[in-house]
Amino acid sequence: MKITRWSAEISPKRDFLIQLIQAEGLDYTEHEIRPGLKLSNLRTQLREIIQILEGELIFNLSGTQFALRPGDKLELPPNTMYSYSNLKNESCTFVSSKTV
């Protein structure tokens, strides 16, 4: 697992983040997670990259919880169990890419 945090003082714009993903040559799927939604017992089959576009998600990997915010990127190896939840009062949007 690798987390890359957005470290600039200015929050990233959605369009800019999409351009970064496209520049990496990745195919991606966009997901919108409603407030209060929790998904658990998820498992990666391939290497999966998740990047937050808007909002915040709480991820749980093997009992370790951490928040991902706009611009943050999470890279998960194949066969990783995880869950996530949106504890905020606003939707969260992220993109996921699966690679070999």
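The analysis underlying the following values was restricted to heavy atoms, covering all of them including side chains, and did not include hydrogens, waters or symmetry mates.
Counting all heavy atoms, side chain and backbone alike, L53 lies closest to P70 at O-CB, 3.7 Å. In this structure, P12 and W6 approach most closely via the heavy-atom pair CD-NE1, 3.3 Å. A pairwise comparison of heavy atoms in G55 and C92 identifies C-SG, 4.1 Å as the closest pair. Here the shortest heavy-atom pairing between S83 and S40 reads CB-CA, 3.4 Å.
Counting heavy atoms from C-beta outward, M1 and T80 have side chains that stay 4.5 Å or more apart. Two residues are said to be in side-chain contact when any heavy atoms from C-beta on lie closer than 4.5 Å; Y84 and I33 meet this criterion. Looking at heavy atoms from C-beta onward, E48 lies out of side-chain contact with L46 at the 4.5 angstrom threshold. For the pair T29 and V95, the minimum side-chain heavy-atom distance is 4.5 Å or more. Taking the side chain as every heavy atom from C-beta outward, R5 and L68 approach each other to under 4.5 Å.
Note that CD1 of I21 is 6.0 Å distant from OG of S97, once rounded to the nearest 0.5 Å. A distance of 6.0 Å separates CG in L61 from CG in L76, rounded to the nearest 0.5 Å. Note that CG of L57 is 7.5 Å distant from OG of S85, once rounded to the nearest 0.5 Å.
A ring pair (Phe, Tyr, Trp, His ring centres under 6.0 Å) check over residues 20-41, counting only residues at least two apart or in different chains, returns the pairs H31-F94. For residues 26-38, the set of pairs meeting the salt bridge (charged side-chain N to carboxylate O under 4.0 Å, His left out) definition, not counting sequence neighbours, comprises R14-E30. A salt bridge (charged side-chain N to carboxylate O under 4.0 Å, His left out) check over residues 73-87, counting only residues at least two apart or in different chains, returns the pairs E24-K73, R47-E75.
Put simply, the side chain of Q51 gets close to the backbone of G71: a donor and an acceptor are under 3.5 Å apart. Remark: the backbone N or O of Q19 is not paired with any side-chain donor or acceptor of D15 at under 3.5 angstrom. Not a single donor-acceptor pair under 3.5 Å links the side chain of D72 to the backbone N or O of I52.
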CA sep, side-chain torsions, deciding dist, call: K98, L26, side-chain contact (heavy atoms from CB on, under 4.5 Å): CA-CA 8 Å; K98 295 176 171 79; L26 298 172; over 6 Å; no
Let me see the working for Y82 and N60 under side-chain contact (heavy atoms from CB on, under 4.5 Å), right down to the final yes or no. CA-CA 6 Å; Y82 68 97; N60 184 331; over 6 Å; no
Set out, in order, the CA-CA distance, both residues' side-chain angles and the distance that settles side-chain contact (heavy atoms from CB on, under 4.5 Å) for N79 and R43, then state yes or no. CA-CA 6 Å; N79 204 32; R43 182 183 299 272; 2.8 Å; yes
Residues L42, M81; criterion side-chain contact (heavy atoms from CB on, under 4.5 Å); working and verdict: CA-CA 6 Å; L42 303 170; M81 290 282 298; over 6 Å; no
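Under the 4.5 Å side-chain contact rule for hydrophobic residues, I18 and I10 do not share a cluster. Put simply, I49 and L39 are part of two different groups of oily side chains (I, L, V, M, F, W, Y) that touch within less than 4.5 Å, one to the next.
For N41, the side chain to side chain donor-acceptor pair (under 3.5 Å) test picks out no residue, with sequence neighbours left out. Not a single side chain to side chain donor-acceptor pair (under 3.5 Å) links T44 to another residue, sequence neighbours left out.
In the hydrophobic clustering, I58 connects to L87, either directly or through intervening members, whenever side-chain heavy atoms lie under 4.5 Å apart.
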